[in-house]
Amino acid sequence: MRTSVNGQFLKVVGGVHNAEMDKPGVLQWIYSQGKQARLNASVCTGAFLMAAAGLLSNQQNVTTHWEDIPDLQTQFPGLNVISNVRWVDEGSVITSAGISAGIDMSLHIVSRLHSEALAEKTARQMDFDWQKA
């Protein structure tokens, strides 16, 4: 997990997350960094860690990897877990589905923080077919 140099951006990555959810120090770090950040983002199952840390609020729209959507909804029933989307932008919190959806989300973040032109240029340079929505 990382924050930007100035602490305004937190990205929580996913993967096998179950053991990390049982580590109070990890969850406290995510919470403290997220509360200081202007923008919090998760890739894949990073949404579980953000929710467990207390960074996601009830009725908030979120997503995660398609395979983990039922578990996220069960473990955090107050969240509105959306399926069949690449990413969900809720202002200060953005969540994405799987790894490649995280690339789409990251390009969206570039467009928000800088410009759509830079995001498109970045996608072209990567030879990546950016799915904007």
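All figures in this text were calculated on a predicted structure; none of them were measured in a lab.
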Item checked: Shortest non-hydrogen contact between Ala19 and Lys23, atoms and distance -> O-CG, 3.5 Å
Checklist line | Over all atoms of both residues, closest heavy-atom pair of Trp130 and Ser111 | finding: CH2-CB, 4.1 Å
Next item on the list: Dump the intermediate steps for side chain to side chain contact (heavy atoms under 4.5 Å, CB included) on Asn84 and Trp66, then the final yes or no.
Entry: CA-CA 7 Å; Asn84 299 317; Trp66 63 267; over 6 Å; no
Notebook entry, point to check: Rounded to the nearest 0.5 Å, what separation is found between the NE2 atom of His17 and the CG atom of Leu49?
Noted result: 6.5 Å
Next item on the list: Answer yes or no: is there a side-chain heavy-atom contact under 4.5 Å between Glu120 and Val110?
Entry: no
Check: Would Val13 end up clustered with Val88 when hydrophobic side chains under 4.5 Å apart are linked, directly or stepwise?
Finding: no
Check: If you measure from CG on Asp68 to CD on Gln75, what distance do you get to the nearest 0.5 Å?
Finding: 9.0 Å
Check: Just by modelled atom types, is the Ser42 backbone N or O under 3.5 Å from a matching donor or acceptor in the Ser96 side chain?
Finding: yes
Notebook entry, point to check: Any side-chain heavy-atom pair from Val62 and Asn80 closer than 4.5 angstrom?
Noted result: no
Margin query: Return the CD1 to CD distance between Ile82 and Gln60, rounded to the nearest 0.5 Å.
Written below: 10.0 Å
Check: Distance from Phe48 atom CZ to Leu72 atom CG, nearest 0.5 Å?
Finding: 4.5 Å
Next item on the list: Applying side chain to side chain donor-acceptor pair (under 3.5 Å) between Glu116 and each of His108, Lys132, Lys121, report the one that passes.
Entry: Lys132
Atom pairs and distances, side-chain donor-acceptor, residues 97-104, under 3.5 Å, sequence neighbours left out:
from   : atom 1 : to     : atom 2 : distance (Å)
Ser100 : OG     : Arg86  : NH2    : 3.4
Asp104 : OD1    : Gln131 : N      : 3.0
Asp104 : OD2    : Arg86  : NE     : 2.8
Asp104 : OD2    : Arg86  : NH2    : 2.7

Note to self: Once rounded to the nearest 0.5 Å, what's the spacing between atom CG of Leu79 and atom CD of Gln59?
What the structure shows: 8.5 Å
Note to self: Check for me, please, whether Val85 and Met50 land in the same ILVMFWY cluster - side-chain distances under 4.5 Å, paths through other members count.
What the structure shows: no
Next item on the list: Taking all non-hydrogen atoms of both residues into account, name the closest pair between Leu39 and Val93 and its distance.
Entry: CD1-N, 4.4 Å
Next item on the list: Give the minimum heavy-atom separation between Val43 and Lys11, together with the two atoms involved.
Entry: CG2-CD, 4.0 Å
Check: Counting only N and O atoms by type, is there a donor-acceptor contact under 3.5 Å from the side chain of Arg112 to the main-chain atoms of Gly91?
Finding: yes
Next item on the list: Please say whether more than 12 non-hydrogen atoms of neighbouring residues, nucleotides or ligands are located less than 6.0 Å from OH in Tyr31.
Entry: no
Check: Minimum heavy-atom separation for Cys44 to His65, with atom names?
Finding: SG-CB, 3.6 Å
Item checked: Closest heavy-atom pair and its distance - Ala47, Thr63 -> CB-O, 3.8 Å
Margin query: To the closest 0.5 Å, what do you measure between CG (Leu10) and CG (Asn40)?
Written below: 5.0 Å
Item checked: Met126 side chain near Thr122 side chain, heavy-atom distance below 4.5 Å -> yes
Next item on the list: Would you check, one step at a time, whether the test side chain to side chain contact (heavy atoms under 4.5 Å, CB included) holds for Leu107 with Phe128?
Entry: CA-CA 10 Å; Leu107 290 165; Phe128 184 76; 3.7 Å; yes
